[in-house]
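Following: one structure in structure tokens, then a few remarks.
Remember, it's 1-based here, ligands and their atoms both numbered in the order they're listed.
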Amino acid sequence: MAHLKDNFGRSFPYFRISITDVCNFKCGYCLPNGYQKPNNKKEFLSLDEIKRIGKALSELGVCKIRLTGGEPTVRKDFIEIIENLKSLPGINKVVFTTNGYNLKYIAKSVVNAKVNGINISIDSLDREKFKFITGMDKLEDILIGLNELQDLNFKNIKVNAVLLKGVNDSEQDFDRWMQFVKSNQIDFRYIELMQTGDNLDYFKKYHVSANVFRDYLLKKEWIHQTGGFDAGPSKNYIHKDFKGRFGIIAPYSKDFCKSCNRLRITAQGDLRLCLFGDTGISLRALLQNDEQIPQLKDLINAQLNFKKESHYLELGNTGITPNLASIGG
Ligand code: SAM
Ligand code: SF4
């Protein structure tokens, strides 16, 4: 089946759907004061609306959907959402990103729902640093959840951390992840901190280039893997003595946008062509009944003509994104 394509030769087999803006963490770079409910808040996408998006996307050649948020697992119908998307022909992979706070309770149900991959955000393996970054003392619970997944023989786990200057960017921090990857056979990636509409001061204080981690990996004889284990913008590194891999997601690096293969839908049903784009056309009016699916497909297709070549983040452009919880990271 033909994939969605833009005017720069990129194709889009991968969509991220944010299913809620709500989050129970207070990460300093994202929601430092926790989730605040706006006065004029529209309801988040319902299960039926998500099903219709999934159907349209599957008919447009999309084969992978990531559920994200806010914290996607706070939704009571989270497992049902996974099951519904999994039942669509052509959607080969349904994956999600989580802060992991309740993985220990839901690990069994997500594995039973046949989810294909889970990205867990763990900004530090040091309890105090973790608490400092996320505002929550939940590291131990998250690690219990991760172990639970491994005990269930669930393989596709990636751990992501946002790299923060003077917080989790020392050689000791990196060594700790090295041990972790060795004993857990997971993939670990550092994400470079991104500036958003709300976090300029935090960004100025904590942004550091991911080259510090790249240099560490090269020093320890990790080898850059071209092609890589994860289609998309992560640069991956492998080592003969390790099963797990390291990755670096560096949005400020040259050519980052060239490998962009993803589009996003916000929890209120806006299509976002770029994490930092200023366009956010609403799909909601076309999500109300099954007869609208052909129109929905036409609208998504037509919108791709407006996708820009780059996010222009390096010029300080943050588009209309106040924080990544509002669009799903
Ligand atoms: N709540 C879930 C979580 O934290 O995994 C899913 C949503 S969160 C917005 C998705 C990812 O975006 C997380 O890995 C988070 O660390 C990352 N993130 C959020 N704000 C960021 C920023 N300003 N720069 C870089 N990464 C960010
Ligand atoms: Fe919540 Fe994820 Fe944002 Fe942290 S990064 S505040 S866990 S949405």
Going hydrophobic residue to hydrophobic residue with side-chain gaps under 4.5 angstrom, can you get from L152 over to L103? yes
For N199, take its heavy atoms, then give the atoms of ligand 1 lying under 4.0 Å from any of them. 23 (N)
Heavy atom of Q195 under 4.0 Å from ligand 1? no
Pairing residues for R52 by the salt bridge (Lys or Arg N to Asp or Glu O under 4.0 Å) criterion, not counting sequence neighbours: D290
Consider only side-chain N and O atoms of E71 and T98, and report whether a donor and an acceptor are under 3.5 Å apart. yes
Contacting atoms of ligand 1, where contact means under 4.0 angstrom from a heavy atom of E71: 1 (N), 2 (C)
Answer with side chain, backbone, both or neither: which part of L324 has a heavy atom less than 4.0 angstrom from an atom of ligand 1? both
For N24 and N99, test the side chains for any donor-to-acceptor distance below 3.5 angstrom and give the result as yes or no. yes
With respect to N160, determine whether any N or O atom, backbone or side chain, lies less than 3.5 Å from an N or O atom of ligand 1. no
L200: partners by side-chain contact (heavy atoms from CB on, under 4.5 Å), with sequence neighbours left out: Q195, K204
Can you tell which of A161, S121, G70, G69 gets a heavy atom nearest to atom 1 (N) of ligand 1? G70
I'd like to know if the side chain of E192 and the backbone of A210 have a donor-acceptor N/O pair within less than 3.5 Å. yes
Let's go through D270 and R284 carefully: what are the C-alpha distance in whole Å and the side-chain angles of both, what is the deciding distance for salt bridge (Lys or Arg N to Asp or Glu O under 4.0 Å) to 0.1 Å, and is it a yes or a no? CA-CA 7 Å; D270 291 352; R284 205 111 196 224; over 6 Å; no
Distance filter under 4.0 Å to G70 heavy atoms, resulting ligand 2 atoms: 8 (S)
Interatomic spacing from CG in N168 to CZ in F132 - rounded to 0.5 Å: 10.0 Å
Hey, are N160 and R189 close enough side-chain-wise for a donor-acceptor pair under 3.5 Å? yes
Give yes or no for whether the N/O distance cutoff of 3.5 Å, strictly under, is met between M194 and ligand 1. yes
Using a 4.0 Å cutoff against the non-hydrogen atoms of N99, which atoms of ligand 1 qualify? 2 (C), 3 (C), 5 (O)
E171: which residues meet the salt bridge (Lys or Arg N to Asp or Glu O under 4.0 Å) condition with it, sequence neighbours left out? K219
Atom indices of ligand 1, in the order listed, that fall short of 4.0 Å to a heavy atom of E192: 25 (C)
Regarding ligand 1, does T68 bring an N or O atom to under 3.5 Å of one of the ligand's N or O atoms? no
For a distance under 2.8 Å, give residue and atom name for each protein N, O or S atom next to atom 4 (Fe) of ligand 2. C27 SG
Under the criterion ring pair (Phe, Tyr, Trp, His ring centres under 6.0 Å), which of F174, Y216, F188, F246 is the partner of W222? F246
Checking D123 against Y29: is there a side-chain donor and acceptor pair closer than 3.5 Å? yes
Hey, is T98 touching ligand 1 through its side chain, its backbone, both or neither, going by heavy atoms under 4.0 Å? backbone
